[in-house]
Amino acid sequence: MPKYIFITGGVVSSLGKGICAASIGRLLKAHGLSVTIIKCDPYINVDAGTMAPFQHGEVFVTDDGAETDLDLGYYERFLEISTTRDNNVTAGKIYQSVISKERQGEYLGQTVQVIPHVTDEIKRRFLETGKDFDIVIIEIGGTVGDIESLPFLEAARQMKPDKTRSDVIYIHVTLVPYLSSSDELKTKPTQHSVHKLREIGIDPDIIICRTEKPLSREMKNKIALFCSVPQEAVIESPDTFSIYNVPNILKRQGIDEQIMMLLRLRSKRWDFEEWINYVEKLKNCMKTEPVKIAIAGKYTKLKDSYKSLVEAINHGAVANNTHAEINFLDVEDGGFKETLSTMHGIIVPGGFGERGIEGKIETVKFARENRVPFLGICLGMQCAAIEFARNVAGLKNAHSVEFKPNTPHPVVDIMPEQKKIKHKGGTMRLGSYPCRIKPNSLAKDIYSLGLISERHRHRYEFNPKYAKACSKRGLVVSGIYKEKNLPEIIELKSRQWFMGVQFHPEFKSTPLNPHPLFREFISASLKYKNGTL
Ligand code: GLN
């Protein structure tokens with residue numbers, strides 16, 4: 001029987017509940033327990049795929065092709081697991097299946113209601129996804145008190161119908177704000193938010209307090225008293241130099257021991273050294289002179305839009321004993337080229353929509369001509385193909401049909417299967433696809449494998465016909481999706497560090513297993529910086 005840990009949030013959003021959930025998962029995994037994590041998102045969208053990244057942050061793609069909340073990225077990076085579409089439960093998915101069951105007559109004769117039909121559907125998914133694990137952590141998105149999250153909280157409450165049960169616990173993450181005018185930390189918002197949780201019928205077992213400053217013993221006592229938890233169950237989570245240090249902070253306060261005691265679980269081993277060593281190495285890397293990396297895109301206002309990418313760059317930097325200074329360049333801003341000339345490595349990331357496209361193509365040109373290490377991801381690879389076609393292969397006005405449907409040279413085109421699709425949600429080329437790597441290529445040197453698998457999220461492809469034309473002028477297709485003859489990786493015959501990939505390697509990088517593409521990209525950028533490339 002799996003044990004369940006519910007994680008709720010109070011006071012404000014963006015407290016880092018996902019990081020807390022992932023950190024707890026990492027600690028329990030270190031005890032030899034099998035762990036999975038589910039994220040509940042209270043919005044009505046069926047998945048995150050139809051939301052703008054500058055509103056909701058990055059869309060994280062799983063191996064099985066689900067477009068999910070970015071918290072799943074944290075779960076994968078902290079726990080070294082591969083999540084699936086079942087790890088992200090949205091209100092949209094729940095209502096969709098309840099309504100579809102109603103239409104099929106499954107509830108014949110009944111009035112279909114939030115309780116019990118919606119809550120039953122939520123619980124069914126919790127039980128189904130968790131059945132093969134020792135521990136299921138369930139993070140409930142939003143803040144206690146939101147109307148939208150109520151059915152999820154009610155389902156969480158129902159999972160522990162009897163207070164004496166030791167298979168379900170609740171952890172509440174709150175904010176203890178610091179008021180500079182009076183130079184003090186305030187516990188009142190935490191008290192209110194725990195009160196709100198109690199009204200719903202949930203008694204928290206552990207309270208994690210996000211704070212800017214350390215909590216004094218008195219403060220902890222006060223929170224413990226007002227919220228009816230033991231003093232040691234008030235855990236502080238102060239701002240720290242890296243999210244990867246959060247498991248250490250929680251461990252020092254014994255959160256793992258408390259959880260195992262509450263759930264009556266025994267530790268099977270203690271395997272945490274690798275993580276500690278990584279954080280130690282990371283700390284030392286932060287003291288080095290940085291390698292400057294540009295991300296030239298358009299969602300530069302909300303950093304969460306490129307979450308996995310930023311993390312993958314950081315993993316690659318630590319693997320090279322350095323740290324990266326990441327510069328988000330707005331390619332719509334006239335002066336961006338000046339900044340580009342100060343960079344040691346340039347990335348054009350994935351994206352949608354025409355805005356900024358010419359700036360991205362200009363960025364590729366700059367990197368290619370100045371031999372600055374370049375990595376184009378998805379739309380970035382498509383820009384690289386367009387740039388090469390226009391400026392090297394002489395195909396004037398070459399473009400992607402996504403932006404110029406009547407271009408004379410559809411270098412990036414829509415394939416017949418995608419052309420038929422009219423609906424938007426979940427209909428792109430999504431998830432893992434195999435890619436065959438060409439021998440004697442930069443890609444082969446990087447991956448040292450002949451066959452790889454990477455995650456996709458796009459509708460358009462580098463048109464194989466133009467790939468052939470460009471290859472006569474020095475472009476190499478070094479990775480291919482054989483079944484459909486689609487180019488997946490492009491590079492230059494000259495072997496300068498220039499690479500475009502149709503997939504998203506950033507989704508598979510973890511601190512303990514940095515992705516080879518980012519490791520080698522940073523290595524090349526370091527060499528460029530030192531003038532040894
Ligand atoms: N807009 C492009 C396409 O759909 C690229 C998508 C992406 O970068 N993820 O093909």
Side-chain angles (χ1 to χ4, degrees), residues 47-63 65-68 70 73 295-300 302 304-310 312 328 331 346-361 363-364 374-387 389 398-405 407 410-433 435 454-464 466-467 479 481 484 486-490 499-509 517:
D47 60 41
T50 51
M51 282 187 271
F54 44 79
Q55 246 190 44
H56 191 72
E58 157 193 288
V59 175
F60 185 80
V61 181
T62 56
D63 275 325
E67 297 174 281
T68 71
L70 57 79
I295 299 182
K298 68 169 183 179
Y299 310 122
T300 50
L302 181 69
D304 271 1
S305 310
Y306 300 113
K307 195 81 236 171
S308 295
L309 180 57
V310 167
F328 291 93
V331 291
I346 297 173
I347 294 178
V348 176
F352 294 82
E354 193 179 4
R355 197 156 62 74
I357 195 75
E358 290 304 323
K360 292 178 192 178
I361 295 169
T363 304
V364 180
F374 169 80
L375 179 59
I377 296 174
C378 207
L379 180 62
M381 179 251 206
Q382 297 175 355
C383 288
I386 296 166
E387 193 277 329
H399 220 314
S400 162
V401 298
E402 181 179 6
F403 312 119
K404 208 162 225 76
T407 166
V411 168
V412 177
D413 204 352
I414 192 149
M415 297 292 122
E417 293 165 28
Q418 277 290 333
K419 223 178 210 160
K420 287 184 251 154
I421 295 170
K422 295 278 174 289
H423 289 289
K424 284 275 187 262
T427 55
M428 285 186 246
R429 174 142 91 103
L430 287 166
S432 284
Y433 283 86
C435 166
E454 295 278 10
R455 298 182 195 175
H456 292 248
R457 182 176 185 246
H458 56 103
R459 248 178 246 290
Y460 299 83
E461 309 277 355
F462 184 11
N463 188 337
Y466 283 96
Y481 173 39
K484 295 262 155 73
L486 294 173
E488 299 274 45
I489 308 179
I490 57 173
M499 182 166 273
V501 293
Q502 187 54 78
F503 44 78
H504 289 271
E506 68 272 26
F507 293 140
K508 286 178 66 165
S509 185
L517 256 180

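Just so it is clear, the values below take in all heavy atoms, side chains as well, and ignore hydrogens, waters and symmetry mates. Both ligands and their constituent atoms are indexed starting at 1 by order of listing.
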_Salt bridge or not between R457 and E58? Use side-chain N to carboxylate O under 4.0 Å._
no
*Report the relative orientation of the aromatic rings in Y306 and F328; use parallel for angles under 30°, tilted for 30 to 60°, perpendicular for over 60°.*
parallel
*Are any of the side-chain heavy atoms of T427 and R459 separated by less than 4.5 Å?*
yes
*Only one of I357, V411, V412 clears side chain to side chain contact (heavy atoms under 4.5 Å, CB included) with H399; which?*
I357
*Please determine if E417 and K484 form a salt bridge, counting it only when a charged side-chain N lies under 4.0 Å from a carboxylate O.*
yes
*Given side chains that start at C-beta, do those of R429 and M415 come closer than 4.5 Å, heavy atoms only?*
no
_Proximal protein residues to ligand 1, non-hydrogen atoms under 4.0 angstrom_ = G350, G351, F352, C378, L379, Q382, E402, R457, H458, R459, Y460, H504
